[in-house]
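Below: one structure, written as structure tokens.
Sequential numbering from 1 along the given sequence is applied to the chain's residues. Reckoned from all heavy atoms, side chains included, excluding hydrogens, waters and symmetry mates. All ligand and atom numbering here is 1-based and tracks the order in the structure.
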Amino acid sequence: MPYTVWHINTVEERWSCHIMIKLKDVELSFPNKKHVLNDVSLDLDQKEVVGLVAPNGTGKTTLLNVIMNNLKPDHGFVEIDGLRYESNRRIKEIHQRICAFPLENELFGELSGYEHLKLYKNMWQSQVEITKLVNILKMGTYISQRVDTYSLGMEQRLCFAMVVASDTPIMLLDEAMNGLDPENVALISGQIQELRDSGKLVIMVSHLLDNLQSLADRVLFLREGKIAQDLNMHERRDNFLKMHAAPSLLSKLHADAVLDVFQGQALIDLKKMDDAAQRSFVLELMANNISYRIEPLSLADEFRLTFHR
Ligand SMILES: Nc1ncnc2c1ncn2[C@@H]1O[C@H](COP(=O)(O)OP(=O)(O)OP(=O)(O)O)[C@@H](O)[C@H]1O
């Protein structure tokens, strides 16, 4: 009989594979819109930033609402940290583990930003230091003002700070960067990285693909109710050739190799050419002084190929 070698997981290994959210065969239709979610199965781990990406009206918010139990799936189930929404007690237990980005109508105009942060800290009984949080997010100049005096960007930063104040293991950020200037996008991105590093699962619905490219560990594309792409952002990916779309040269390539032509740039799939063909094509680009780069697809490239082809 062969020896059985028991592998005892290290603390790090156990930590890195704890499933915080499980969706199994989730389906959901609205009366006027069928199959907004159509058989979605997903496991999301702790200590991850997960980007959820799709064009408008595709079902991203619906998916977050299913995770929060605001919508019940027609089929399938959701499990949060091993628990299902099956009784009021369970719902309460689960909601202690999740905080969702507040909607505009969940803010109280007559209260200050500071009072909102205290409210979230108390609701989740967290240990977050509000003064420190206010300083980190550079909200000191307006945090004592009534929220109905806030600009969109100030409100967005407050809503993000409210989620941080909850200190829950799962954070759902639906378009949290909307309306923020680049400096604030960078500030909040840095905080999201710290949340991830401290062990949180952060799910971000976002249309800022360049930002997700650098921030997310994993990006999901939702298309026709399904997860059309599940990209591990740390995995080494194949190289593609990106070149100025010179028609005379593109016409020499097999049509299958030209994946996309967009805003004067062509995207060439090098896997459709053998080494010799690749070399001679690159020499031709150089001889014709045509600019090109060889690199993996960006998230924006992946998005175009998934949704616009
Ligand atoms: N309560 C509802 N009743 C009926 N239809 C709904 C409801 N909520 C969403 N829908 C429809 O379901 C589809 C998905 O909506 P959802 O808000 O999830 O999209 P989204 O991807 O979050 O869009 P956006 O990027 O514009 O926020 C849309 O066609 C929308 O009209």
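Polar contact with ligand 1: present for Gly59 (N/O pair, distance under 3.5 Å).
Side-chain N or O atoms of Glu115 include one that pairs as donor or acceptor with a backbone N or O of Ser112 at under 3.5 Å.
Atom 31 (O) of ligand 1 is never approached by the protein to below 4.0 angstrom, counting heavy atoms only.
When hydrogens are left out, the protein atom nearest atom 3 (N) of ligand 1 is Phe30 CD2, 3.6 Å; that is the closest non-hydrogen contact. Atom 25 (O) of ligand 1 has its closest protein heavy atom at Lys60 NZ, 2.7 Å. Of all protein heavy atoms, the one closest to atom 28 (C) of ligand 1 is Gly57 O, 3.6 Å. Ranking protein heavy atoms by distance to atom 17 (O) of ligand 1, first place goes to Thr61 CB, 3.7 Å.
Shortest non-hydrogen contact noted between Ala161 and Met139 is CB-SD, 3.9 Å. Contact detail for Asp217 and His234: the closest heavy-atom pair is OD1-NE2, 2.7 Å.
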Apply side chain to side chain donor-acceptor pair (under 3.5 Å) to Ser189 and Asn211, showing your working. CA-CA 8 Å; Ser189 301; Asn211 174 256; 2.8 Å; yes

For Asp260 and Leu305: C-alpha separation, side-chain torsions, deciding distance, then whether side-chain contact (heavy atoms from CB on, under 4.5 Å) applies. CA-CA 7 Å; Asp260 181 42; Leu305 293 176; 3.8 Å; yes

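Between Phe307 and Phe221, the two ring planes are tilted [angle within 30° to 60°].
For Gln127, the CD atom counts as loosely surrounded, since its 6.0 Å shell holds 12 or fewer non-hydrogen atoms of other residues, nucleotides or ligands.
Per-residue contacts place Thr62 under 4.0 angstrom from the following atoms of ligand 1 (heavy atoms of the residue considered): 14 (C), 15 (O), 16 (P), 18 (O). Counting atoms of ligand 1 from 1 in the listed order, those under 4.0 Å from a heavy atom of His207 are 25 (O). Less than 4.0 angstrom separates some heavy atom of Glu175 from each of these atoms of ligand 1: 25 (O), 27 (O). Those atoms of ligand 1 that come under 4.0 Å of a heavy atom in Asn32, given as number and element, are 4 (C), 5 (N).
If you look at Val36 next to ligand 1, the close heavy atoms, those under 4.0 Å, all belong to the side chain.
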